[in-house]
2 protein chains.
Amino acid sequence: MPQPPAPRKTPGRPPRISRDEIIGAAFRILDEEGVDRLTMRRLATEIGSTPMALYHHVRNKDELLVLLLDDYATRTLRRPELPARPRERVIVAAEAIHEVLAACPWIVTVLTADDLLSKPALWFVEQIVDGFVDCGLPLDQAVHGYRAVWYYTAGEITVRAAAARRRAEADRPIHRESVFADLDPDEVPRLAQVADRWEALTAQDTYSDGLRALVDGLAAR
Amino acid sequence: MPQPPAPRKTPGRPPRISRDEIIGAAFRILDEEGVDRLTMRRLATEIGSTPMALYHHVRNKDELLVLLLDDYATRTLRRPELPARPRERVIVAAEAIHEVLAACPWIVTVLTADDLLSKPALWFVEQIVDGFVDCGLPLDQAVHGYRAVWYYTAGEITVRAAAARRRAEADRPIHRESVFADLDPDEVPRLAQVADRWEALTAQDTYSDGLRALVDGLAAR
DNA sequence: GCTACTTTTCTTACATGTACAGAAACTTAC
DNA sequence: GTAAGTTTCTGTACATGTAAGAAAAGTAGC
């Protein structure tokens with residue numbers, strides 16, 4: 001004879017939805033309809049509930065996005081083969097994080113809201129800190145080194161995402177153009193020199209180059 | 001005899017408010033009541049107009065904030081004495097930008113929306129690019145160097161602002177604590193080692209240290 | 001004067017995140 | 001059974017940014 005599915009022991013009204021269900025539905029919406037369609041109302045109807053019911057499982061929309069990122073990272077982050085040289089280890093670990101984050105631009109609004117110290121990322125943070133220690137840095141400085149790498153990485157992602165968003169809304173008169181339009185070659189000669197190539201130059205992906213420079217500089221202390 | 005204030009020649013309904021007036025009022029509100037009170041409605045009543053009238057002088061709220069930042073930077077940015085050594089020049093210029101931005105946390109939402117290529121900042125960008133060129137970098141690499149510095153700077157500001165915001169809302173169970181609560185010393189030994197000092201370590205201001213490392217690494221190419 | 005045109009302002013309306021106040025659906029104690 | 005307590009859910013309401021269109025206030029040509 002079939003039992004009642006799970007004889008609950010906790011008091012109170014039994015939940016009809018769960019945090020996992022919310023995250024799953026949110027991810028579906030994100031995937032199929034884009035980040036703009038991911039609203040609390042849309043999400044509620046997706047799981048057959050009401051907007052405010054969500055707030056019993058998630059503090060607010062930002063936390064939901066953080067949880068989504070956690071979930072995504074857990075499924076996506078694969079621990080790479082780490083090179084033996086500590087400096088390379090730092091770089092590979094940072095690049096792995098960067099790669100995952102760069103692939104999901106929707107987290108940008110939350111990227112800074114929590115500094116990516118989610119559990120799946122901890123191993124990578126460990127590798128970075130440990131790599132710096134193996135480079136000869138004292139532990140405290142190694143942590144600061146990780147912070148510097150994180151600042152650089154988070155900045156790259158957010159700035160690049162903003163640039164992409166700006167390109168997408170091509171109708172607006174691009175701010176940069178107007179600034180670059182009348183550069184005074186006496187005042188800012190270098191900028192005037194590259195003005196026409198600025199767009200192309202800044203479109204290049206130089207994350208790894210900058211990262212290596214940063215790590216080199218940090219390890220050389 | 002007093003003339004009618006300015007015999008207009010342009011057709012159309014004469015404007016009752018100006019962009020400058022909007023920015024001025026916005027700044028007053030920002031200063032006196034904080035960024036949370038700076039809403040389009042509040043701003044409209046401040047200058048005796050209606051919310052939608054603002055939109056004829058400003059594309060949207062983000063652009064308003066960018067304009068505000070421009071205005072603020074124009075009044076605040078003072079060109080510092082630049083050292084002779086190119087590497088130091090880059091650092092001083094970057095620190096000047098950082099100092100101004102760090103002082104007004106309200107721009108964080110816009111920081112990335114436009115990459116600070118506003119006119120008052122151009123001189124500083126020039127100094128950074130020129131400093132890298134004088135370090136021996138080809139012009140293209142110098143521009144990339146500036147980008148790296150900007151990524152690092154923007155990241156530092158936004159991440160730090162987010163951390164401050166999080167500290168301000170001290171009621172919520174801080175995410176970081178829960179992540180750091182049960183660190184497995186076998187899995188992440190370094191992190192477990194610094195877990196109790198993490199908060200203090202990351203609260204330190206290490207912007208300049210990281211910047212120097214980055215610039216050193218970039219200049220060494 | 002009047003009409004056409006232009007530019008700015010105002011009114012109304014909507015989507016969004018979320019606060020707040022109960023109502024609903026359980027368990028436990030009697 | 002009933003009462004108390006706890007947790008989850010629902011309904012309503014508000015502040016916000018802003019889209020769309022109507023109205024207002026001018027100029028230019030007649």
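Just so you know, these numbers come straight off a predicted model, no measurement behind them. Proteins come first, then strands; the chains are lettered A, B, ... in the order of their sequence lines, and each starts at number 1.
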Checklist line | Separation of atom CE in M40(A) from atom P in dT16(D), rounded to whole Å | finding: 20 Å
Next item on the list: Without swapping roles, check the side chain of R19(A) against the backbone of H57(A) for a donor-acceptor pair under 3.5 Å.
Entry: yes
Next item on the list: Taking all non-hydrogen atoms of both residues into account, name the closest pair between V215(A) and I91(A) and its distance.
Entry: CG2-CG1, 4.1 Å
Check: Whole Å only: how far is the CG atom of L43(A) from the C1' atom of dT16(C)?
Finding: 14 Å
Item checked: Rounded (10°) bend between the five-pair end axes of the helix from dG1(C)-dC30(D) to dC30(C)-dG1(D) -> 30°
Next item on the list: Please work out whether the ring planes of W106(B) and F27(B) are parallel, tilted or perpendicular, with thresholds of 30° and 60°.
Entry: perpendicular
Item checked: Distance, rounded to the nearest Å, where R42(B) contributes CZ and dT16(D) contributes P -> 11 Å
Margin query: Measure CG/L65(B) against C1'/dG17(D) and give the value in whole Å, please.
Written below: 12 Å
Check: CG of N60(A) versus C1' of dG17(C): gap in Å, rounded?
Finding: 9 Å
Notebook entry, point to check: Would a 4.5 Å heavy-atom cut-off, applied to side chains only, mark I29(B) and T39(B) as touching?
Noted result: no
Next item on the list: Summarise protein proximity over nucleotides 6-15 of chain D in one line of letters, 5' to 3': B for base, S for sugar-phosphate only, - for none, counting protein heavy atoms closer than 4.0 Å.
Entry: BBBBBB----
Item checked: Minimum-distance pair of heavy atoms, taken over all atoms of E126(B) and V188(A) -> OE1-C, 3.1 Å
Notebook entry, point to check: Any salt bridge between E32(A) and R28(A), counting N to O under 4.0 Å?
Noted result: no
Note to self: Is the terminal nitrogen or CZ of R212(A) (NZ for Lys, CZ for Arg) located under 6.0 angstrom from the six-membered ring centre of Y207(A) and within 45° of that ring's axis?
What the structure shows: no
Next item on the list: Could you pull out all residues at least two apart from E33(A) that satisfy salt bridge (Lys or Arg N to Asp or Glu O under 4.0 Å)?
Entry: R42(A)
Margin query: Nearest whole Å is fine: how far is dT9(C) C1' from I47(B) CD1?
Written below: 12 Å
Checklist line | Nucleotide dT11(C), atom P - distance to OH of Y55(B) in whole Å | finding: 17 Å
